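Read the structure below first, then the notes.
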Protein chains: 2
Amino acid sequence: MTTLAKGLAVLGAFDKKRPTMTLSQAAQAVDLSRATARRVLRTLTKLGYVEQNGTQFSLSPRILQLGFAFLSTQNWIERALPLMRGLSERMHESCSAAILEGTDVVYVARVPTARIMSVAISVGTRLPAFHSSMGRVMLGFLDEAEIWRRLNSVSLAPLTPSSITDPQGLFDRIRADHEQGFSIVDEELERGLRSIAVAVVDQTGEARGALNLSTHTTRTTRNEMRDLFLPMLKTTAAQIFMPASAEPSS
Amino acid sequence: MTTLAKGLAVLGAFDKKRPTMTLSQAAQAVDLSRATARRVLRTLTKLGYVEQNGTQFSLSPRILQLGFAFLSTQNWIERALPLMRGLSERMHESCSAAILEGTDVVYVARVPTARIMSVAISVGTRLPAFHSSMGRVMLGFLDEAEIWRRLNSVSLAPLTPSSITDPQGLFDRIRADHEQGFSIVDEELERGLRSIAVAVVDQTGEARGALNLSTHTTRTTRNEMRDLFLPMLKTTAAQIFMPASAEPSS
DNA sequence: AACGAGTTGTTCGATAATCGAACACAAGTT
DNA sequence: AACTTGTGTTCGATTATCGAACAACTCGTT
């Protein structure tokens with residue numbers, strides 16, 4: 001179904017760098033003939049996913065529906081939110097939930113306290129999985145071959161001086177974190193940022209996501225994280241798929 | 001381009017009610033032959049927008065990228081967020097930003113304080129525009145014919161005893177709110193909820209979105225809202241498209 | 001074990017949609 | 001006035017899509 005692929009490619013071509021495009025620009029961006037690009041944009045416009053004023057095409061808010069349809073299918077997220085709020089209040093730290101997609105961590109729920117990261121994190125934000133605590137926790141649930149495949153498919157440019165960039169080192173770290181049941185990542189994503197994460201596991205033992213608490217390195221030590229944060233974080237994560245709150249296993 | 005339309009229809013068929021579907025269910029939901037549905041789902045899977053395990057198909061986090069591509073094209077949102085945070089801190093109330101899509105208001109940014117609404121509002125949440133303060137403010141920027149068209153395309157079931165359900169009454173209210181430059185909505189969406197909104201207008205005079213402050217009816221009166229909240233709300237909204245922060249008019 | 005009901009997977013010729021080159025047109029530029 | 005760069009539109013050739021039909025599989029039930 002090449003037409004479908006082309007249409008989605010055009011949708012995906014809109015970007016922060018290219019918020020609006022003319023017909024020709026879109027054709028060039030996705031490598032289509034102008035005639036084809038025009039047909040694609042016309043149907044996307046008719047379906048309401050793209051807006052046209054003048055010669056400029058831009059995304060319509062309509063496509064948010066698609067994205068949030070996904071969030072609404074993950075119904076553990078809305079169960080997690082109140083638990084996360086409680087956790088954040090007790091610990092006085094930001095609490096987030098994320099899922100793994102490829103080599104990215106995608107935030108799906110967030111309870112912020114003070115803003116500690118320079119880039120504002122919100123639902124939908126993507127961060128490199130190998131350098132984030134939630135990413136490592138979720139990667140640990142994959143089999144070894146899969147971990148290596150993803151390791152090899154991503155560039156491990158150091159984001160801070162503390163970033164682990166050695167593939168074997170990362171692999172070992174992921175396995176070790178999986179063994180111990182949690183992951184603490186120190187300043188690998190951004191200086192001064194320290195976070196601890198555990199997996200959100202469903203009844204079948206599959207990792208559906210991860211939960212973390214993040215803080216500033218000057219505020220909490222690694223040991224405090226393990227001794228104070230970890231127990232409650234584990235309890236919270238475990239409650240999400242507690243049999244008490246039965247659900248039709250989405 | 002019927003194929004593209006079918007593909008997007010299938011994507012849109014996934015829902016909170018139907019988080020996973022078999023091939024046949026998808027075919028039935030979108031009214032396609034099973035052969036076609038299978039082709040669609042196969043290409044969607046190959047493109048990474050859909051995941052298959054066993055006979056069950058489900059949405060992949062990949063499609064979040066599409067939705068957030070839109071958010072990232074609206075670059076006034078990230079300029080608005082720090083301003084909204086400041087506003088929320090000063091007023092001690094939740095502050096939200098939304099855009100209008102059809103007859104829905106879609107939240108695109110949010111700074112929550114205490115949770116006052118029963119349904120948790122987050123980015124991506126949709127509410128009926130005619131019964132929300134932000135919706136009325138944005139509807140006021142449309143011409144009369146367009147307002148009527150949208151009025152007629154939606155069912156105005158009362159959500160609370162205070163909801164305005166008379167079309168003419170709603171129309172008049174929207175025009176009046178547009179005249180005065182803001183909208184206060186009292187308990188029409190939910191009991192105890194009072195909110196005030198103003199439009200976010202760009203340099204060309206177009207309404208790009210709306211900003212609101214919401215509170216509980218017992219905490220702030222209508223007059224206090226107008227006297228205390230409105231001036232700062234207007235100032236904040238005006239700052240978003242201030243020429244100081246120049247941008248390539250997305 | 002045989003059966004029917006319900007499902008997915010796959011094939012193939014007929015059909016219908018898509019393709020792109022070519023041209024018309026508009027607007028701004030040299 | 002010719003040129004550049006863009007969109008809009010047509011049309012026959014090409015190609016992808018369609019759906020009926022059949023194979024294969026999994027469950028319960030008899």
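Computed from a prediction, not measured in an experiment: that's the story for all the values here. Order of the sequence lines sets the chain letters (A, B, ...), proteins ahead of strands, with each chain counted from 1.
Between the side chains of B:Ser58 and B:Thr20, no donor N or O sits under 3.5 Å from an acceptor N or O. Side-chain atoms of A:Thr55 and A:Thr22 form no donor-acceptor pair, as typed in the model, at a separation below 3.5 Å. With hydrogens and angles left out, the side-chain atoms of A:Asp177 and A:Gln180 include a donor and acceptor closer than 3.5 Å.
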Reading nucleotides 8-24 of chain D from 5' to 3' and marking B where a protein heavy atom lies under 4.0 Å of the base, S where only the sugar-phosphate is that close, and - otherwise, the string is BB-------SBB-----
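Counting only residues at least two apart or on different chains, the side chain to side chain donor-acceptor pair (under 3.5 Å) pairs with a member in residues 150-159 of chain A are A:Glu146-A:Arg150.
Residues passing the side chain to side chain donor-acceptor pair (under 3.5 Å) test with B:Arg42: none are found, sequence neighbours excluded.
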